[in-house]
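Shown next, in structure tokens, is the structure this report addresses.
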Amino acid sequence: MSHEPDPTPRDDRPDGERAARRAEIEDAVERTVSALVDVGRLWAAHGLNVGRSALETSALTLRTTADLLGSLSERFAEEERAAERDERDDRAA
């Protein structure tokens, strides 16, 4: 005859106590899940704010770079026109 322990845990408490304990556990699980969802929402909101800030910074950087490139382009065009005028003046002289 085998004397192995019964693998099924036994709960010898009265039904009312078991039901109360089960309700406590379910309530704790519900509160935990709710708290985790709240934390997830907070992280999502934070991530969206960080993303927005990064995009705004990138947009400002791109605008500044575009303005600089536009200024350089205008300078090169002016220098090219001045060089062409000088060349024509040299040929006319």
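Atom CZ of Arg85 is separated from atom CD of Glu80 by 11.0 Å, given to the nearest 0.5 angstrom. Distance check, rounded to the nearest 0.5 Å: CG of Asp38 to CH2 of Trp43 gives 15.0 Å. With rounding to the nearest 0.5 angstrom, the CG atom of Leu60 is 9.0 Å from the OG1 atom of Thr65. In this structure, Ser58 OG and Arg63 CZ are separated by 15.0 Å, a value rounded to the nearest 0.5 Å.
Leu42 and Val50 fall into different hydrophobic clusters, where Ile, Leu, Val, Met, Phe, Trp and Tyr side chains are chained together by heavy-atom contacts under 4.5 Å.
Proximity of a side-chain donor or acceptor of Thr61 to a complementary backbone N or O of Thr57 within less than 3.5 Å is detected. A donor-acceptor pair under 3.5 Å is absent between the side-chain atoms of Ser34 and the main chain of Glu30, judged by distance alone.
Using a cut-off of 4.0 Å between Lys/Arg side-chain N and Asp/Glu carboxylate O, Glu79 and Arg75 are scored as not salt-bridged. Ionic pairing of Arg31 and Asp27 is present here: one or more N-O contacts between side-chain nitrogen and carboxylate oxygen are shorter than 4.0 angstrom.
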| side chain to side chain contact (heavy atoms under 4.5 Å, CB included) between Arg21 and Ile25, worked out | CA-CA 6 Å; Arg21 180 65 181 142; Ile25 291 170; 4.0 Å; yes
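For the pair Glu84 and Glu87, the minimum side-chain heavy-atom distance is 4.5 Å or more.
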